[in-house]
Amino acid sequence: MENKTRDSDNKKDEDKGERAVPVCCGEELEGAPCKVSSSSARRRRAALRRMKSEALTGSAKRLRNREAKPDSPPPSSSSSSSSSSSPSSSSSSPTSAASDPDGEGPAVGILAAAAAAGIGFPSLSHGEVSVIGRRREMEDAVTVALGFAGSPEAAAGYDFFGVYDGHGGARVAQACRDRMHVVLAEEAAKRRRRRRATPVKGEEEMEMEMAMAMALGDDEEDEELGRWRAAMAASFARVDGEVSEAAEGGGSGAAEKTVGSTAVVAVVGARRIVVANCGDSRAVLSRGGVAVPLSSDHKPDRPDEMERVEAAGGRVINWNGYRVLGVLATSRSIGDYYLKPYVISEPEINVMDRTDKDEFLILATDGLWDVVSNEVACKITRNCLSGRMAAAFPDAVSGRTAADAAALLVELAMSRGSKDNISVVVVELRRLHNKSR
């Protein structure tokens with residue numbers, strides 16, 4: 001995302017030359033020049049292919065390590081792309097899912113039982129690309145944890161995807177990358193155990209928290225949705241508390257208190273998608289060819305956010321864009337100890353029931369969204385996953401995987417002049433076909 005402080009606005013690469021966008025050919029994408037023969041475009045395509053190849057090799061190694069060490073947390077990537085398929089795909093092994101966070105052993109038995117019962121898996125495949133772009137420092141981070149909340153009750157479990165956009169440094173984004181999915185699995189497990197057991201002393205607060213979370217949703221939302229809402233809110237609060245405590249204590253300097261990160265995470269299940277957002281990274285679902293936003297950016301000039309900041313005693317100042325106290329260009333984040341209570345870590349949570357029209361999910365930092373609209377991002381991704389892009393431009397597009405789609409979105413953002421780190425995760429929910437064939 002755009003580094004959120006004024007001082008970081010000067011951290012730009014001098015290279016502002018025109019970039020080629022072979023992916024736009026025939027698509028009439030506004031503002032995207034097309035020079036397929038450009039040498040800079042060829043170099044960039046070669047670099048992206050190299051990143052995908054390295055990431056695929058790294059993914060295979062990580063999967064083997066997870067088979068050997070089932071209790072280790074799922075790996076994450078902050079500067080590469082990857083594509084992996086769920087056990088429902090012939091190109092992957094059932095042991096590629098993460099272990100049960102409750103400590104019940106590898107999720108392979110759960111996944112095998114789910115397959116035997118004909119239960120669908122959360123996602124077909126995913127791809128991720130995270131690049132430094134025109135910044136001097138890399139402050140984005142990405143987490144992918146497949147089957148992170150598998151349990152005998154959840155059958156195939158859930159897949160976790162998180163994108164974190166740091167500012168003032170990478171420390172908080174890296175902490176979110178390493179901790180958020182772990183904490184969320186713990187919070188979800190707590191609520192499963194609490195449902196099965198008689199409440200004991202100290203759990204009355206959890207009961208009240210769940211009741212409040214249920215009250216936020218529709219009357220028809222069941223207890224499971226209430227547990228996910230409560231677990232998400234508690235996880236963001238815990239991670240924020242951990243990084244704020246580290247900034248406050250330990251003799252850390254003032255610089256540590258100015259470090260923060262946005263966070264957008266998606267928990268993808270066979271029946272529902274749960275998205276929590278804090279900041280201006282974004283999640284978008286493609287449903288039946290229509291881009292459906294699953295999160296709303298927390299910008300300081302958003303009327304309800306400005307009202308909240310001012311009610312807490314802060315101010316929103318238009319200084320090179322609207323900023324909290326003239327400094328931070330997002331009104332919610334994890335960390336940013338020095339701006340509390342004006343900048344909060346409370347996420348907005350959206351629960352979406354899945355349908356057979358759901359095609360794919362895109363999570364990305366504002367390095368993409370500042371220059372590419374939801375609709376254009378979904379159009380490019382759909383054309384790639386369906387094979388239409390590779391068929392039309394075989395020299396420019398190497399394949400039709402989720403990793404290919406993520407790479408195309410990154411290339412498009414750079415060609416349109418994005419000056420930020422760019423991180424994109426594409427989650428394939430349903431296999432698309434080229435109707436033109």
Side-chain angles (χ1 to χ4, degrees), residues 1-9 11 76 78 130 132 135-143 162-180 183 232-233 235-250 252-265 276-282 295-302 305-306 308-309 312 314-317 319-348 363-367 369-370 420-423:
M1 81 184 212
E2 175 192 4
N3 200 335
K4 300 300 178 184
T5 57
R6 289 199 310 265
D7 294 340
S8 65
D9 289 335
K11 294 182 179 180
S76 60
S78 60
S130 189
I132 192 172
R135 290 289 181 188
R136 296 179 181 175
E137 298 180 1
M138 183 60 176
E139 296 176 333
D140 282 4
V142 175
T143 298
V163 173
Y164 311 103
D165 189 349
H167 47 266
R171 182 180 63 84
V172 174
Q174 292 169 354
C176 292
R177 176 196 65 197
D178 297 335
R179 289 287 295 158
M180 184 67 77
V183 171
M232 280 287 195
S235 299
F236 275 66
R238 274 184 58 182
V239 174
D240 180 68
E242 291 175 2
V243 298
S244 296
E245 183 179 355
E248 184 179 12
S252 59
E256 290 295 311
K257 300 182 179 181
T258 65
V259 182
S261 176
T262 70
V264 60
V265 305
N277 178 55
C278 176
D280 55 6
S281 295
R282 192 181 306 169
S295 65
S296 179
D297 299 352
H298 293 128
K299 296 291 190 181
D301 58 340
R302 208 177 89 175
E305 288 295 290
M306 181 180 293
R308 180 189 58 76
V309 170
R315 293 185 60 191
V316 174
I317 301 173
W319 186 290
N320 191 25
Y322 287 94
R323 301 171 182 266
V324 177
L325 300 186
V327 177
L328 193 64
T330 181
S331 56
R332 300 194 191 192
S333 70
I334 294 174
D336 290 308
Y337 180 79
Y338 75 117
L339 286 175
K340 297 186 181 301
Y342 319 126
V343 175
I344 62 176
S345 62
E346 178 182 351
E348 287 186 322
L363 284 78
T365 60
D366 63 349
W369 303 120
D370 282 349
D420 207 344
N421 302 150
I422 309 169
S423 295

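The closest side-chain donor-acceptor pair between Ser281 and Thr262 falls under 3.5 angstrom.
Between Phe236 and Met180, some side-chain heavy-atom pair lies under the 4.5 Å cut-off. Here the side chains of Ser296 and Arg302 are in contact, with some heavy-atom distance below 4.5 Å. Within the 4.5 Å cutoff, side-chain heavy atoms of Val265 are placed close to those of Met232. With contacts defined as side-chain heavy-atom distances shorter than 4.5 Å, the pair Tyr338/Val327 qualifies. In this structure the side chain of Val239 never reaches within 4.5 angstrom of the side chain of Ser235, judged on heavy atoms. Under the 4.5 Å side-chain criterion, counting only non-hydrogen atoms from C-beta, His167 is in contact with Ser333.
The two residues Val243 and Asp240 make their nearest non-hydrogen contact at CG2-O, 3.2 Å.
Of the possible donor and acceptor atoms, one in the side chain of Arg323 sits under 3.5 Å from a partner among the backbone N and O of Trp319. A donor-acceptor pair under 3.5 Å links the side-chain atoms of Asn421 to the main chain of Glu137, judged by distance alone. Checked by atom type and distance alone, the side chain of Asn277 never pairs as donor or acceptor with a backbone atom of Ser295 at under 3.5 Å. Formation of a donor-acceptor pair under 3.5 Å by the Lys340 side chain with backbone atoms of Gly335 is found in this model. Distance alone, capped at 3.5 Å, places no donor-acceptor pair between the Ser423 side chain and the Ala364 backbone. A donor-acceptor pair under 3.5 Å links the side-chain atoms of Thr330 to the main chain of His298, judged by distance alone. With hydrogens and angles ignored, the 3.5 Å screen pairs no side-chain donor or acceptor of Glu305 with any backbone N or O of Pro300. Put simply, the side chain of Arg332 gets close to the backbone of Glu346: a donor and an acceptor are under 3.5 Å apart. For Arg315 (side chain) and Val309 (main-chain N/O), no donor-acceptor pair under 3.5 Å exists by modelled atom type.
We find the CD1-OG distance between Ile344 and Ser331 to be 7.5 Å, quoted to the nearest 0.5 Å. In this structure, Ser261 OG and Arg177 CZ are separated by 11.0 Å, a value rounded to the nearest 0.5 Å. In this structure, the separation between CD1 on Ile317 and CG on Leu328 is 12.5 Å, given to the nearest 0.5 Å. A distance of 7.5 Å separates CD1 in Ile334 from OH in Tyr164, rounded to the nearest 0.5 Å. Atom OG of Ser130 is separated from atom CE of Met138 by 3.0 Å, given to the nearest 0.5 angstrom. The CG atom of Asp140 sits 10.0 Å away from atom CD1 of Ile132, with the distance rounded to the nearest 0.5 Å.
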(request) Could you walk me through whether Asp336 and Thr258 pass side chain to side chain contact (heavy atoms under 4.5 Å, CB included), step by step? (result) CA-CA 5 Å; Asp336 290 308; Thr258 65; 5.6 Å; no

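The residues Asp280 and Lys299 are annotated as salt-bridged, a charged nitrogen and a carboxylate oxygen being separated by less than 4.0 angstrom.
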